[in-house]
Amino acid sequence: MPEYKTYEQKKRFYRSKPWLTLRQAALERDNYECQQCKKEGKVTVDSIKTPGERKEIVLNVDHKYPIEHYPKLALTLDNLQTLCVYHHNVKEGRIFKKNKNKWAEDEWW
């Protein structure tokens, strides 16, 4: 069973034909919509490719259980969900909340 611990191993996996095929199946299953936005009553759909330009990345296909800890689930459709970039970053802990200014709502005389 392959491991996905290093950057090179993950890079090889995410460029493989089986992953790209499964990723497309997950996008189609989820109707090209962010599943977390859908739960919140919003709609975030994939961008449209313009010929001659690079496509803007709006949606990611995320593993619910990370492949470095659960390599057996790496190519399982039920382990995948479509998320927008924002919700994927929140899930992975890459978004930090801004500190609230404690004086913002204080009265100024």
Side-chain angles (χ1 to χ4, degrees):
M1 177 173 51
E3 287 189 355
Y4 307 108
K5 303 279 185 193
T6 67
Y7 174 77
E8 289 79 23
Q9 290 170 332
K10 289 179 187 177
K11 186 175 176 182
R12 193 174 320 115
F13 171 75
Y14 286 118
R15 290 185 175 176
S16 71
K17 178 103 172 129
W19 163 250
L20 294 174
T21 303
L22 189 65
R23 179 184 187 280
Q24 187 62 36
L27 286 168
E28 289 172 5
R29 179 199 63 197
D30 294 339
N31 202 25
Y32 295 90
E33 296 176 330
C34 173
Q35 297 305 294
Q36 187 61 37
C37 286
K38 201 173 189 178
K39 288 178 187 175
E40 296 174 3
K42 303 177 205 166
V43 177
T44 301
V45 295
D46 203 8
S47 63
I48 297 171
K49 170 83 169 106
T50 305
E53 294 182 15
R54 189 173 181 155
K55 183 176 179 288
E56 179 187 4
I57 297 174
V58 176
L59 297 178
N60 291 323
V61 176
D62 173 56
H63 285 92
K64 296 175 188 175
Y65 298 98
I67 62 173
E68 55 266 8
H69 302 299
Y70 301 92
K72 290 181 182 179
L73 299 176
L75 291 173
T76 305
L77 184 60
D78 290 338
N79 186 37
L80 301 178
Q81 62 183 340
T82 303
L83 296 175
C84 65
V85 173
Y86 173 77
H87 282 117
H88 189 221
N89 286 335
V90 168
K91 180 188 177 270
E92 298 295 329
R94 296 184 285 226
I95 299 263
F96 302 100
K97 293 182 180 176
K98 292 183 179 180
N99 292 333
K100 184 178 177 184
N101 181 354
K102 66 180 182 177
W103 304 108
E105 296 177 14
D106 194 30
E107 288 187 44
W108 290 75
W109 297 82

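Note that these values count all heavy atoms, side chains included, but never hydrogens, waters or copies made by symmetry. Here, residue 1 is the first one in the sequence, and each next residue gets the next number.
Heavy-atom contacts from other residues, nucleotides or ligands closer than 6.0 Å to NZ of Lys64 number more than 12. Annotation for Arg94: atom CZ counts as buried by contact number, over 12 foreign heavy atoms lying within 6.0 Å. Dense packing is recorded around OH of Tyr14, with more than 12 heavy atoms of other residues, nucleotides or ligands lying under 6.0 Å away. Applying the 6.0 Å contact sphere to OH of Tyr32 captures more than 12 heavy atoms from other residues, nucleotides or ligands.
The shortest heavy-atom contact between Phe13 and Trp19 is O-CB, 3.4 Å. Here the closest heavy-atom approach between residue Leu77 and residue Ala25 is recorded as CD1-C, 4.2 Å. Of all heavy-atom pairs spanning Glu68 and Tyr4, the tightest one is CB-O, 3.3 Å.
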Take Glu40 and His87 through the side-chain contact (heavy atoms from CB on, under 4.5 Å) test and state the conclusion after the steps.
CA-CA 11 Å; Glu40 296 174 3; His87 282 117; 3.3 Å; yes

Test side-chain contact (heavy atoms from CB on, under 4.5 Å) on Gln36 and His88 and set out the steps.
CA-CA 9 Å; Gln36 187 61 37; His88 189 221; over 6 Å; no

What's the verdict on side-chain contact (heavy atoms from CB on, under 4.5 Å) for Val43 and Cys37, showing C-alpha distance, side-chain angles and the deciding distance?
CA-CA 6 Å; Val43 177; Cys37 286; over 6 Å; no

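To the nearest 0.5 Å, atoms CG (Leu27) and CD (Glu33) are separated by 11.5 Å. Taking CG of Leu75 as the start and CG of Leu22 as the end, the distance is 6.0 Å to the nearest 0.5 Å. With values rounded to the nearest 0.5 angstrom, Lys72 atom NZ is found 15.5 Å from Ile67 atom CD1. Within the model, atoms NZ of Lys91 and CG of Leu83 stand 7.5 Å from one another, a figure rounded to the nearest 0.5 Å. Atom-to-atom distance recorded for Cys84:SG and Gln35:CD is 10.5 Å, nearest 0.5 angstrom.
At distances below 3.5 Å, at least one donor-acceptor pair connects side-chain atoms of Asn79 with backbone N or O atoms of Leu73. The backbone N or O of Ala74 sits less than 3.5 Å from a side-chain atom of His63, completing a donor-acceptor pair. Side chain of Gln9 to main chain of Lys5: a donor-acceptor pair is present (N/O by atom type, distance under 3.5 Å, no hydrogens or angles).
When each of Thr82, Val61, Leu80 is paired with Arg23, the side-chain contact (heavy atoms from CB on, under 4.5 Å) condition holds for Val61 and for no other.
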